[in-house]
Number of protein chains: 2
Amino acid sequence: MKTVESLTNTLKANGMKITPQRLMIFRCLEGNTSHPSAEEIYKKVKEVYPTVSFTTIYKTLETLRDLGEIAELTLDEERKHYDPNTETHHHIICSVCKKILDIFDDFSSLIKVPNAVKKDYTVDGFQISFYGTCKECG
Amino acid sequence: MKTVESLTNTLKANGMKITPQRLMIFRCLEGNTSHPSAEEIYKKVKEVYPTVSFTTIYKTLETLRDLGEIAELTLDEERKHYDPNTETHHHIICSVCKKILDIFDDFSSLIKVPNAVKKDYTVDGFQISFYGTCKECG
DNA sequence: CTGTGTGCAAAACGTTTGCATGCCT
DNA sequence: AGGCATGCAAACGTTTTGCACACAG
């Protein structure tokens, strides 16, 4: 799990600085399974640092993503979502409210990469997107 | 397979009109397995109808998507891609050049929807996104 | 002190919309 | 003739960038 401490250490180890804004972003991410968007993180940080800018949020998320500390999810075509859990796992997104739920079942032994694909691509992994509607929306 | 003819018939059956621009879009889509973006279709149509607008491309793609004639793919976070094959299938996208390859293997018997998911969502299906790098980029 | 981070404003990007005109049926 | 389609320009929401200033190390 990505903790405030581990994120801090990783940034320091890469010659980057720890600012109050960044610490607050780390706190928003720690143990967060709600797959927040940049705006959701912005709002949270803004509660404590009212002058924080989107620039800072986006730059920090980009930094964390480039360091492999968070995953950038493309399940919602409207906006990107961020996930501090970078272990392989799967998701289901509600087609109405866009709520994303984690699925930790391991399907790796069941899914064989077809040979036709191996011929043209080097496959690093796969991700299953289930789709449907959550009980609140359905 | 979605042919120019079947697309034409579907639109007519829904009280919609067949214009030269639309016919050209249909021709771009027929048998197309390259998962074109709106811009790629725009460029193709523009070769023949230089005054065509993005509005027309987007509106027509939206119409076809709403009629279930094409699928809108979200695999590339930069832009949407369109697929005239609306049968269930899977994809691999090259993380460098974004080239998308179809995978027609049927994994449906292997993938069971976890009960924890069934509790909160009505699941309509799933889609596997393989990721990696194509031989040209790797 | 040095250089990385911040925040404002503006730009960029893909996409959507309002509206007057065009043209398919 | 009627109504859907077109195309221009402008708006949109998200994300990125240029730049001057601030501050962590």
Side-chain angles (χ1 to χ4, degrees), chain A residues 4 7-26 28 35-67 69-82 98, chain B residues 4 7-26 28 35-67 69-82 98:
Chain A
V4 173
L7 294 172
T8 299
N9 290 339
T10 305
L11 260 71
K12 278 186 179 167
N14 285 78
M16 288 161 177
K17 294 174 178 172
I18 308 304
T19 64
Q21 293 94 325
R22 284 187 167 175
L23 268 176
M24 196 64 211
I25 295 172
F26 297 170
C28 287
H35 314 84
S37 64
E39 189 183 11
E40 281 157 354
I41 293 169
Y42 171 70
K43 281 181 181 163
K44 276 277 187 195
V45 176
K46 206 175 172 73
E47 287 174 14
V48 180
Y49 299 104
T51 65
V52 76
S53 67
F54 263 110
T55 311
T56 298
I57 306 297
Y58 278 115
K59 282 261 175 69
T60 298
L61 291 173
E62 182 190 29
T63 298
L64 292 172
R65 187 246 285 142
D66 289 349
L67 291 170
E69 294 295 305
I70 60 175
E72 204 172 60
L73 304 181
T74 308
L75 298 164
D76 174 3
E77 60 187 39
E78 311 283 314
R79 75 205 82 246
K80 291 173 184 163
H81 291 262
Y82 295 90
K98 312 293 183 183
Chain B
V4 172
L7 294 172
T8 299
N9 290 339
T10 304
L11 260 69
K12 278 187 179 168
N14 284 80
M16 288 157 175
K17 294 172 179 172
I18 309 304
T19 64
Q21 294 94 326
R22 283 187 168 175
L23 267 175
M24 197 63 211
I25 295 172
F26 297 170
C28 288
H35 313 84
S37 63
E39 189 183 11
E40 282 157 354
I41 293 168
Y42 171 69
K43 281 181 181 162
K44 276 277 186 195
V45 176
K46 208 177 172 71
E47 288 173 13
V48 179
Y49 300 104
T51 64
V52 77
S53 66
F54 263 110
T55 311
T56 298
I57 306 297
Y58 279 117
K59 281 261 174 70
T60 298
L61 291 173
E62 182 191 29
T63 298
L64 292 172
R65 186 246 285 144
D66 290 348
L67 290 171
E69 294 294 306
I70 59 174
E72 202 173 60
L73 304 181
T74 309
L75 298 164
D76 175 2
E77 58 187 37
E78 312 281 315
R79 74 203 83 247
K80 291 173 184 164
H81 291 261
Y82 296 89
K98 311 293 182 184

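Just so it is clear: chains get the letters A, B, ... in the order the sequence lines come, proteins before strands, and each one is counted from 1.
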In this structure, how many angstroms lie between the [atom2] atom of [N] and the [atom1] atom of [X], rounded?
X     : N      : atom1 : atom2 : value
B:K80 : C:dT15 : NZ    : C1'   : 7 Å
A:I25 : C:dG5  : CD1   : P     : 12 Å
A:K17 : C:dG3  : NZ    : P     : 9 Å
A:L11 : D:dA24 : CG    : P     : 15 Å
A:L61 : C:dG5  : CG    : C1'   : 14 Å
B:L64 : D:dA5  : CG    : P     : 11 Å
B:Y49 : C:dC24 : OH    : C1'   : 13 Å
B:E62 : D:dA5  : CD    : C1'   : 13 Å

Looking at A:K44, I'd like to know if its NZ atom is crowded, meaning that more than 12 non-hydrogen atoms belonging to other residues, nucleotides or ligands lie closer than 6.0 Å.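 Incorrect, the count does not exceed 12.
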[X] side-chain proximity, nearest of [options]:
X     : options               : answer
A:I18 : D:dG25, C:dG7, C:dC24 : D:dG25
B:Y58 : C:dT16, D:dA5, C:dT6  : C:dT16
B:T51 : C:dT6, D:dG7, D:dC4   : D:dG7
A:V52 : D:dT15, C:dT6, C:dG7  : C:dG7
B:R79 : C:dG7, D:dG25, C:dG14 : C:dG14
A:K12 : D:dG25, D:dG7, C:dG5  : D:dG25
A:A38 : C:dT25, D:dT15, D:dC4 : D:dT15
B:K59 : D:dG7, D:dG25, C:dG7  : D:dG7
B:T19 : C:dG3, D:dT6, C:dT6   : D:dT6
B:T56 : D:dT6, C:dG7, C:dC24  : D:dT6

Nearest-nucleotide wise, let me know which of B:P20 and B:E72 is further upstream toward the 5' end of DNA chain C.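 Counting from the 5' end, the first nearest nucleotide belongs to B:E72.
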Side chains of B:K98 and B:R79: does their closest heavy-atom pair fall under 4.5 Å?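 Sidechains of B:R79 and B:K98: no contact.
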If we only count heavy atoms from C-beta on, is the B:M16 to B:L67 side-chain gap below 4.5 Å?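 They are in contact (side-chain heavy atoms under 4.5 Å apart), so the answer is yes.
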Between A:Y82 and A:M16, who's closer to the 5' end of DNA chain D by nearest nucleotide?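 Counting from the 5' end, the first nearest nucleotide belongs to A:Y82.
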Please confirm whether any donor atom in the side chain of A:T55 sits under 3.5 Å from an acceptor in the base of D:dT17, or the reverse.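 Side chain to base: pair present.
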Across the strands shown, which category fits B:E39 at heavy-atom distances under 4.0 angstrom: base, sugar-phosphate, nothing?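 Since no nucleic acid heavy atom lies under 4.0 Å of B:E39, the category is nothing.
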Under 4.0 angstrom, heavy atoms only, what part of the nucleic acid is B:E78 near: base, sugar-phosphate, or nothing?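 Contact class for B:E78: sugar-phosphate only.
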Exam field: side chain A:H35 to backbone A:H81, donor-acceptor pair closer than 3.5 Å: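 No, A:H35 side chain to A:H81 backbone: no donor-acceptor pair under 3.5 Å.
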I would like to know whether B:L11 and B:L64 meet side-chain contact (heavy atoms from CB on, under 4.5 Å); could you show each step before the answer? CA-CA 8 Å; B:L11 260 69; B:L64 292 172; 3.7 Å; yes
Side chains of B:T60 and B:T63, donor plus acceptor under 3.5 Å: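 Result is no, nothing qualifies.
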Any side-chain N or O of B:Q21 under 4.0 Å from OP1/OP2 of C:dC23?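 So the side chain of B:Q21 is outside the cut-off, no N or O lying under 4.0 Å from OP1 or OP2 of C:dC23.
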Taking only side-chain nitrogens and oxygens of B:R22, does any of them come within less than 4.0 Å of OP1 or OP2 of C:dC24?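 B:R22 to C:dC24 OP1/OP2: no side-chain N or O under 4.0 Å.
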